[in-house]
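Written out below as structure tokens is the structure these notes cover.
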Amino acid sequence: MSEFGNMLMDISQIFSLMLARNQSGIEASYVDLEHGESILQLPGHSNCMNWVLGHIAVYRDALLGAIDKQTYMHNKEIGIYGYGSDPIIEGSACADLTRLIEALNRGYSVLHEWLGEYPDYLDNVTPDGLIVRKGETVGQHFAHLWVHESIHVGELSALRELALVKLGKGWK
Amino acid sequence: MNQSEIFITILSRNQESTLRAIDDLSETESVLQLPGSGNCINWILGHIVSYRDGMLIDIGLNQYMHAEELVRYTAGSAPIKAGDICVDLERLSKLMTITFEDLAAWLNSDQNGLQQQPVGDVRDNIGYAGVCDTLTEHFAQNIGHESIHVGELNPLRELALGLRSK
């Protein structure tokens, strides 16, 4: 039997499940990789792993800000990783991979703990002044940002494959 | 906001992103491979449809993939490469639309449906049914899983467009 037993999952449990799935995908993407591998480019105009991880961290801050928690990305980093920012290529200003991992892990811990408390707060109005505001209520804001995050997590798979090929290793 | 609205929000975004990623691509472009052992667009689309079928079965609706198609796209199945037998892109695109419409209509029409017991046996159906005990959890797992696969389509589209310009 799963941890959810025979009950209707609470909305916070749905978010918690998706957050854990995303975090697991993020962590799997950078195992045994170093900063240099995080800025490798695939063919075409997609973004590198470093940009994708930083972008996810910026949007996690928009989740944290919506529930009045501390955010982790600095203004300069928000400029580098915000929506529509320039691609990061070799030699571009960017955050080190370890710094991005730290920000993502901290954000995950806070969100995971908060969702575990079954907050009523999800029906509250989404506050103004966030980096991005997607939905009138915090629940709507979370739903939109969750799928946004998941889609970017999906982009990490090919970027890890690329790094492993460069390192002469296989994915699995 | 209830559970149905969350699932509709995420499913709709998945559908929009998928259609954008495959817009104007050819059959040949749908089986292009990136470096490494990732999957092509064709495999990802078929895989998503198979998991949507799992949700349709659980709510008592018809599934769309035939058994011989399903086996080509299950978790852990071999990558699809140029020349391999697979479902053509046009059919996969139609199945993406039909399954989305069925799931969205059900979620929109029956706000309490997710509290019902699954019509089928979730343990025997497609996707994460084997590890879920409730319809809500099965939907949460499958739709979250789907979003990540949708993201995998973006670099594959870039690959196809990049090759066109050469």
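A note on names: the letters A, B, ... follow the listed sequences, proteins ahead of strands, and every chain is numbered from 1.
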**Asked** B:Ile98 and B:Phe7: same hydrophobic cluster, using ILVMFWY side-chain contacts below 4.5 Å?
**Response** yes
**Request:** Output the distance between atom CG (A:Leu164) and atom OG (B:Ser37), rounded to the nearest 0.5 Å.
**Result:** 8.0 Å
**Message:** Does B:Asp88, at its CG atom, have more than 12 non-hydrogen atoms belonging to other residues, nucleotides or ligands within less than 6.0 Å?
**Reply:** yes
**Prompt:** In this structure, are over 12 heavy atoms from other groups packed under 6.0 Å from B:Glu68 atom CD?
**Reply:** yes
**Prompt:** When clusters are formed by joining ILVMFWY residues with side-chain heavy atoms under 4.5 Å apart, either directly or through shared neighbours, do B:Leu163 and B:Ile80 land in the same one?
**Reply:** yes
**Request:** Search all heavy atoms of B:Glu158 against all heavy atoms of A:His45 and return the closest pair with its distance.
**Result:** OE1-N, 2.6 Å
**Item:** Contact winner vs chain A - B:Gly162, B:Ser12, B:Pro35, heavy-atom pairs under 4.5 Å
**Value:** B:Pro35
**Message:** Can you confirm whether more than 12 heavy atoms, excluding those of B:Glu27, are under 6.0 Å from its CD atom?
**Reply:** yes
**Nearest non-hydrogen partners of B:Leu34 and A:Ala158, listed with the distance** = CD1-CB, 3.7 Å
**Item:** A:Glu90 atom CD, over 12 foreign heavy atoms within 6.0 Å
**Value:** no
**Distance in Å, A:Ile14 CD1 paired with B:Gln3 CD, rounded so as to fall on 0.5 Å steps** = 5.0 Å
**Prompt:** A:Ile89 and A:Leu162: same hydrophobic cluster, using ILVMFWY side-chain contacts below 4.5 Å?
**Reply:** no
**Prompt:** Could you state the interatomic distance from CZ (B:Arg13) to OG (A:Ser150), rounded to the nearest 0.5 Å?
**Reply:** 10.0 Å
**Complete:** A:Ile151 and B:Ser17 have their tightest heavy-atom pair at CD1-OG, 3.6 Å
**Item:** Under 4.5 Å from any heavy atom of chain B - which part of A:Leu42
**Value:** side chain
**Asked** When you look at A:Arg21 and B:Gln141, which way does the side-chain contact (heavy atoms from CB on, under 4.5 Å) test go after all the steps?
**Response** CA-CA 9 Å; A:Arg21 177 186 285 281; B:Gln141 292 282 13; 2.7 Å; yes
**Message:** If I compare all heavy atoms of A:Gln140 with all of B:Met1, which pair ends up nearest, and what's the gap?
**Reply:** N-SD, 3.4 Å
**Item:** CD/A:Glu113: more than 12 non-hydrogen atoms of other groups inside 6.0 Å
**Value:** no
**Message:** Just so I understand: if I count every heavy-atom pair under 4.5 Å between each of B:Asn154, B:Val150, B:Leu156, B:Asn14 and chain A, which residue has the most?
**Reply:** B:Asn154
**Request:** Identify which of B:Ser165, B:Gly144, B:Ala160 forms the greatest number of heavy-atom pairs closer than 4.5 Å to chain A.
**Result:** B:Gly144
**Item:** Segment of A:Phe15 engaging chain B (4.5 angstrom heavy-atom cut-off)
**Value:** side chain
**Asked** Does one hydrophobic cluster hold both A:Ile131 and A:Tyr108, with members joined at side-chain heavy-atom distances below 4.5 Å?
**Response** yes
**Prompt:** What distance separates A:Ser46 OG from B:Leu159 CG, expressed to the nearest 0.5 Å?
**Reply:** 9.0 Å
**Complete:** Residues B:Ile10 and A:Ala143: closest non-hydrogen pair is CG1-O, 3.9 Å
**Message:** When you compare the side chain of B:Ile6 with that of A:Trp146, does any pair of heavy atoms fall below 4.5 Å?
**Reply:** no
**Fill in**
So CE of A:Met18 and CD1 of B:Ile143: to nearest 0.5 Å the spacing works out to 6.0 Å
**Request:** Give a yes or no on whether A:Leu130 and A:Ile56 share a hydrophobic cluster (residues Ile, Leu, Val, Met, Phe, Trp, Tyr; joining criterion: side-chain heavy atoms under 4.5 Å apart).
**Result:** no
**Message:** Working to the nearest 0.5 angstrom, can you tell me the gap between A:Glu161 CD and B:Asn39 CG?
**Reply:** 9.0 Å
